[in-house]
Amino acid sequence: MADAIQDEQEQVPPAAVQERINILTQELDRHNFLYHTLDSPEISDEAFDVMLRELRELEAAWPSLRKPWSPTLRIGAQLLENLPKKAHRSKMYSLDNVFSLEEWREFYARMQRSFEQPLPCKFFCDPKLDGLAVELVYIDGVLEEALTRGDGTTGEVITEACRTIATVPLKLQGQAPKLICVRGEVVMYKQAFAELNATQAALNRKEFANPRNAAAGSLRQLDLSVLKERKLHFLAYSLGQVEWGTVEPVTQHSVLMEQFKSYGFLTPPMGQLCANVSDVEAYLHKLEPLREQFPMEIDGCVIKLDDLEAQAALGFTARAPRFAVAFKYPTKAQETRLERIEVQVGRTGVLTPVAILQPVQVGGVTVQRATLHNATEIAQKDLRVGDYVLVQRAGEVIPEVVAPVLEKRSADLVPYVFPKTCPACGSPVFQEEGQTVIRCENVACPAVRSQKLCYFVSKAGLDVQGFGEKWVLQLIDKGLLTSPADFFTLTLPDLLQADRMGELLGSKLLDALATAKTSVSLKQLITALGILHVGPQTAQTLAEHFTDLDALQAATSESLQQLADVGPQVAQSIVHFFGTPANRELVARFKEVGLWPTSASTENTAKSAEAHSQLHAKTILFTGTLSFPRNVAERYATNAGAIVLSSVSKRLNYLVVGAKAGSKLTKAQALGVKILDEQTFLAMIREAGVDVEESPKMQNKLIDL
Ligand code: IVH
C-alpha cells in the first residue's frame, strides 16, 4: 500500500507536498537570515535542523520539486552588506547532522558504499563548537587575511577584527607551509558571555541570545577597541587550501591537529583518534555528559574520517562533506522554578493549566510558560507551586514540565488544588465522569466569548492581518465587540478607543478587515466559526458541497453524513450549531455586512488555516493502543492537514505511539522518524484549531492549548 502511494506520488507530487516545500523553504530562508545575518534567532538550532531535515527528505522523495535556490543547498550565512567580501580559495562547506546512533551508522554505511576500496576506519572526533566558522589564510607563516564562511563561496573580510583575537596567531610558530588556510570557529566562552550580557544589561543595551550570537555580533562590529574587550577565541579544526612548500605534507587529520597546535593554535578540547566505529560510539557516550563542563558551548560531536586521501576521494555533496558528519545531542531538560500556575479558559470552555516559570534557556530559546495539559497531569506529576522543575521542549516546539526536582522541594509546599470555579466568570466548573477535561459550561462566560472572537480573526480563522488578541480584548472591554459580525461594523473612532491605537494602525486594521471581507473563502469562514469537531479539513469538504452559509445551515444531519469525513457526531454538531438562534442570527448579520463568500470563491483562499498547523502536509501514522479509536485519530490528523500513511517508511514524518507499540516503533526509530506520544499529538491537533471530541474512551488525554 505504502509503495503504491509512493509510486503515485513520485509521478505527480501532491499539492500538499508542494505547498509544504514552499512553506519550509520560506521559513528556513527567514530563519537563516535572522540567525546568520542579523544574529537574532527566533527559533533554536534544533528546530531549524528539524525543518531542514524535513525539507531534505521531501526533496529526496520528490526530486523534481527541489528548487535550485533550496535552503538545503545553502551552506552558511547570507552576506552582510557593510563588510568587504572575498571569494574563498576553496569552498567552505557545512556539515550534515545525524541525531542518533542509527543515523550515524547509516552515514557510515553510506560512506562505505561510496568508497570503492575497503574504507580506512579510523575517525577523528572532537566536540562541535557553537560559534562562527572562520578561515585564516597564512602566507609563509604570516596571517594574510581572515574571512567568515559567508555563503561558503564568498566570505566577509574580517582580518583586522581577527587580529584582535589573542588566540589567532599572527605568525605561525615553527616551519610553516607556503600557504595554508586554517579553518576553525571563533567562539566566546560561557563566562565571558555572561559578563558581556551583564554589562549590556547594566548599560540598558540589548542582550545577546547566546554565546554564538555574541561572538558573531562582536566580530562584525567595526569598532576594534570594543571588539578587543570581547574576549573571543579561535579554535582550529580543519584545513582549506594548502601549498606545503618545503614542509612534509600531512596525510591524517589527527596529525594535522597536532600540527595546528605546534603552529600555536588552540584546537577543540578532547579531540581523539578513534580506531573504529565502536570507538567512535564510545566517544559519543563519553562526550555527552561532559559537554556542560567545557568553557565554550558545545552542541554535538564532529566525526571525521582520519585519512585525508580518503576524505578527498569521498568528496562533498552540494552542501557538506561525505567524509564527516555532526552528531547532535538531544536538548537537555533544564531546571527552573515553577512560580505559579495560571488557568486559561479556551474557546471551547476547556480549562488549561499553564506553568509560569522563572525564565530558562532550553535549546537556545527562553522558556517562561509551559503547558501542564490538565489537572490530572499536575496531580500525577505532583507539581507544586514553588517547586524546582525540569523543563524540556516536547516535539521540539511546545515547552513541557517533565517532573519536579524532589530533592530540592521545600517542606512547606502544598499539593496543587485545581480551581472549582471558572477563573473568568466564577461559575462552577464541570468534569465529566472518567474524563480529565474540566470545562466552564457557562455559554456567556466572557473568557469563552473573548477566545472565540480572538480565534475568529486569528491566523487559524479569517487571518485578519494585525488583529491580534491585544486589540480584540480591549475592544471587547469597551463593549465594541460582542459578536464576530461586529468586526465588520467597526469604525476608526471605535478603534481609536483602544490604548496605544493610532490613526495609522487603526486604518490599517480597517483595511485588513475590508480585505478579509472580500477575500476570505467559504472554507475559512466555516473554520473561523469554531464549530465543535469542524477543523479546516471538514470545513473544506463542507465548502466544496455547499454554495454558502445559507445552504450549509439548511442541511440535515442525513445529508451531511453523505459527505466524506462527516460522521454522525460531526453532523450533529453542525446541525446543533446552526439550530441555535444566536448562530442563525450571526449568519444573517454576516450577509448584511457583506461577509459572504461562496464556494466559487473558495479557490481564492490566500492562506488556509491548516498552513499554520505543524502537521500540515506532514505524513503521519498511528501505532499501538491509543485511548481513542484509530479512525478518530486519523480524522484529527487529516483535519489538521496531515497525510495519513499506512506503513512506516522514510517519508513518514510522525509516528504517534500508543501503549504496546511493536515493530512499527522499532522501524520508525531506526529510520529516524519523529515519535510522538498521544499527549503531544493532541496538543498539536488542538494547536491546529481542530476540536478534540470527548468520547468516554478518551480518558486523561484532552488538552486545550
Ligand atoms: S570540521 C568540511 N570540526 O560546524 C567541514 N567543524 O554546522 C569540516 N564546526 O561547517 C569541519 N565545530 O564550521 C569541524 N570540531 C569541529 C567543528 C566544526 C564546529 C562547524 C563547522 C561546520 C559547522 C557545521
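When a ligand or atom number is given, it counts from 1 through the structure's own listing order.
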Margin query: Does ligand 1 come near enough to S238 that some N or O of the ligand is less than 3.5 Å from an N or O of the residue?
Written below: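 No; every N/O pair is 3.5 Å or more apart.
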Check: Any nitrogen or oxygen of F323, main chain or side chain, under 3.5 Å from a nitrogen or oxygen of ligand 1?
Finding: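 So ligand 1 has no N or O lying under 3.5 Å from an N or O of F323.
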Next item on the list: Classify the side-chain pair R20/T619 by whether it contains a donor and acceptor separated by less than 3.5 Å.
Entry: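 No, no side-chain donor-acceptor pair sits under 3.5 Å.
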Notebook entry, point to check: Does one side chain, of E156 or T148, offer a donor that lies under 3.5 Å from an acceptor on the other?
Noted result: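 Distance-only check passes for E156 and T148.
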Check: Taking only residues at least two apart or on different chains, which pairs with a member in residues 232-243 satisfy salt bridge (charged side-chain N to carboxylate O under 4.0 Å, His left out)?
Finding: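 Non-adjacent pairs meeting salt bridge (charged side-chain N to carboxylate O under 4.0 Å, His left out): zero.
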So which protein heavy atom does [atom] come closest to, and at what separation?
| atom | result |
| --- | --- |
| atom 3 (N) of ligand 1 | K304 NZ, 2.8 Å |
| atom 23 (C) of ligand 1 | R149 NH1, 3.9 Å |
| atom 2 (C) of ligand 1 | P321 CG, 3.5 Å |
| atom 6 (N) of ligand 1 | Y237 CE1, 3.2 Å |
| atom 12 (N) of ligand 1 | L129 N, 2.9 Å |

Next item on the list: Would you check whether P127 reaches within less than 4.0 Å of ligand 1, judged by its heavy atoms?
Entry: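 Flag set, P127 near ligand 1.
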Pull out every atom of ligand 1 sitting under 4.0 Å from any heavy atom of [X], numbered as shown with elements.
| X | answer |
| --- | --- |
| A133 | 13 (O) |
| S94 | 10 (O), 24 (C) |
| Y93 | 10 (O) |
| D126 | 3 (N), 15 (N), 16 (C) |

Check: How does A324 reach ligand 1, by side chain, by backbone, by both or by neither, if only non-hydrogen atoms under 4.0 Å count?
Finding: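 Neither; no heavy atom under 4.0 Å.
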Checklist line | Which segment of V302 sits under 4.0 Å of ligand 1 when only heavy atoms are counted | finding: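 Side chain only; the backbone of V302 stays clear of ligand 1.
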Between [X] and [Y], does any side-chain N to carboxylate O distance fall below 4.0 Å?
| X | Y | result |
| --- | --- | --- |
| R212 | E185 | no |
| E103 | R53 | yes |
| E54 | K618 | yes |

Check: Between K128, K328, M92, which one has a non-hydrogen atom sitting closest to atom 7 (O) of ligand 1?
Finding: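 Comparing heavy atoms across K128, K328, M92, the nearest one to atom 7 (O) of ligand 1 lies in K128.
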Margin query: For a salt bridge (charged side-chain N to carboxylate O under 4.0 Å, His left out) check, start with the C-alpha distance between D96 and R319, then their side-chain angles and the critical distance, and finish with the verdict.
Written below: CA-CA 8 Å; D96 277 335; R319 195 190 99 91; 3.4 Å; yes
Check: When Y138 is tested against each of Y263, F260, F265 for ring-ring contact (aromatic ring centres under 6.0 Å, His included), which residue passes?
Finding: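 That would be F265; it is the only one of Y263, F260, F265 passing the ring-ring contact (aromatic ring centres under 6.0 Å, His included) with Y138.
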Notebook entry, point to check: Are more than 12 heavy atoms from other residues, nucleotides or ligands located less than 6.0 Å from atom NZ of K190?
Noted result: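 Check passes, neighbour count above 12.
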Check: Taking only residues two or more places apart in sequence or in another chain, which ones pass side chain to side chain donor-acceptor pair (under 3.5 Å) with D299?
Finding: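 Side chain to side chain donor-acceptor pair (under 3.5 Å) check on D299 returns nothing, list empty.
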